[in-house]
Amino acid sequence: MTGDSFRLTVLGSATPYPSVANPCSGYLVSCGGTRLWMDAGTGTLAELQRHVRLDALDAIWISHLHADHCADLLTAYYGALFADVRLTAPIPLYGPPGIAGRLAHFLTNTATRSPVESAFAVTELHDGLRVRAGALTLTTRSVAHGMPAFAVRVEAAGRALVYSGDTAPCANLTTLARGCDVLLCEAESATRDAAEDERVHHTPEEAGDTARAAGAARLVVTHVGRSLTPEQAVRRASTRFAGPVDHAAPGRTFPVG
């Protein structure tokens, strides 16, 4: 991927485990020479390498600590420290509170804690965190997923991509997505279950509602549950949002703006 264009490339969008030819949630955001790996679900590290090496990443951003969004950090650690990757410094990693400890708990096999921080320079996310990653500005907001979970607004050159992570509809996401060029929004739930104590996902219709309420220019539905087809999710979201609606099919690239 070359040039100065601001782009979203889908590495994978399956849930809760990879499908044939579709890894779990993971995306590459590119602008100029900046490369951001956004969520690292199972199988996405292999797809990432079609576009960029680990040692050429500017940052990694993780929405929450469910395995279908972060499991490939484990193998990325081995790649970063014990293979052909040559880091000049740890890769900046932005993730939920406790992410370093979670990684170390899995990776440590002796009495000596694995040196997670040698591979990743960890910054814990919090509501309202704003950071720079190369040409990109990242603004994080907490969202409703029954655990520490976050959405992110990625901005460059006056354009904006917003990624919901996993969340039920919530005010923080709508506010974060206000006026964005692309809203990448999960649509995991086939139905809205009124009996649920705490909702943690969007239906496709709700993804359309969030896009409409935010005034987004384009909606890309992702993390579509296995009881739905991508075509059904797009069709249902389109009943609530008049703008263009697409599915985050693996390998697709979307311009931002």
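Note that the structure is predicted; figures quoted are calculated from it, not measured.
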When you measure from the side chain of [X] to the backbone N and O of [Y], does any donor-acceptor pair fall under 3.5 Å?
X	Y	answer
Glu47	Gly43	no
Ser13	Ser25	no
Arg159	Pro255	no
Ser238	Val234	yes
Arg212	Arg240	yes
Thr229	Gln232	yes

**Request:** Decide if atom CZ of Arg226 counts as having more than 12 heavy atoms of other residues, nucleotides or ligands within a radius under 6.0 Å.
**Result:** yes

Within-4.5 Å side-chain heavy-atom neighbours: [X] and [Y]:
X	Y	answer
Met38	Val152	yes
Leu103	Leu93	yes
Ser114	Tyr78	no
Arg7	Val182	no
Tyr17	Thr42	no
Thr140	Trp61	yes
Thr9	Phe254	no
Ile62	Ile99	yes

**Request:** Test Val221 against Leu184 for side chain to side chain contact (heavy atoms under 4.5 Å, CB included), laying out the working first.
**Result:** CA-CA 6 Å; Val221 291; Leu184 177 65; over 6 Å; no

**Message:** List the residues meeting side chain to side chain donor-acceptor pair (under 3.5 Å) with Asp246, not counting sequence neighbours, and say none if there are none.
**Reply:** Arg218

**Request:** Begin from the C-alpha positions of Leu74 and Leu107 and carry the test side chain to side chain contact (heavy atoms under 4.5 Å, CB included) through to its verdict.
**Result:** CA-CA 7 Å; Leu74 300 171; Leu107 293 164; 4.0 Å; yes

Can you give me the closest heavy-atom contact between [X] and [Y], atom names plus distance?
X	Y	answer
Val122	Ala100	CG2-CB, 4.2 Å
Asn22	Pro250	OD1-CG, 3.6 Å
Ala121	Pro90	N-CB, 3.5 Å

Mind jotting down which residue pairs meet the salt bridge (charged side-chain N to carboxylate O under 4.0 Å, His left out) criterion with at least one end in [range]? Sequence neighbours excluded, please.
range	answer
residues 120-149	Asp127-Arg141, Arg130-Glu155
residues 102-115	Arg113-Glu117
residues 54-75	Arg53-Asp55

**Asked** Any side-chain donor paired with an acceptor under 3.5 Å for Thr222 and Tyr27?
**Response** yes

**Request:** Go through the side-chain N and O atoms of Thr210 and Thr174 and say whether any donor and acceptor fall under 3.5 Å apart.
**Result:** no

**Asked** Yes or no on side chain to side chain contact (heavy atoms under 4.5 Å, CB included) for Leu136 and Phe6, after CA distance, side-chain angles and deciding distance?
**Response** CA-CA 9 Å; Leu136 304 172; Phe6 185 7; 4.0 Å; yes

Using a 3.5 Å cut-off and no angle test, enumerate the donor-acceptor pairs between side-chain atoms of residues 160-169 and protein atoms at least two apart in sequence or in another chain.
unit_1	atom_1	unit_2	atom_2	d
Tyr163	OH	Asp39	OD2	2.6
Ser164	OG	Glu186	N	3.0
Asp166	OD1	His69	NE2	3.3
Asp166	OD2	His69	NE2	3.0
Asp166	OD2	His223	NE2	3.2
Thr167	OG1	Ala144	N	3.0
Thr167	OG1	Ala144	O	3.3

**Request:** Identify, with sequence neighbours excluded, every residue that meets ring pair (Phe, Tyr, Trp, His ring centres under 6.0 Å) alongside His247.
**Result:** none

**Item:** Arg35: which of Val52, Val29, Leu48 passes side-chain contact (heavy atoms from CB on, under 4.5 Å)
**Value:** Val52

**Candidate pair Cys185 and His202, rule side chain to side chain contact (heavy atoms under 4.5 Å, CB included), full reasoning** = CA-CA 8 Å; Cys185 188; His202 280 70; 3.8 Å; yes

**Request:** Look at the side-chain heavy atoms of Ile, Leu, Val, Met, Phe, Trp and Tyr, link any pair under 4.5 Å apart, and say whether Leu125 and Val154 land in one connected group.
**Result:** yes

**Geometric class of the His66/His64 ring pair [parallel <30°, tilted 30-60°, perpendicular >60°]** = perpendicular

**Prompt:** Are the charged groups of Glu205 and Arg236 less than 4.0 angstrom apart, N to O?
**Reply:** yes

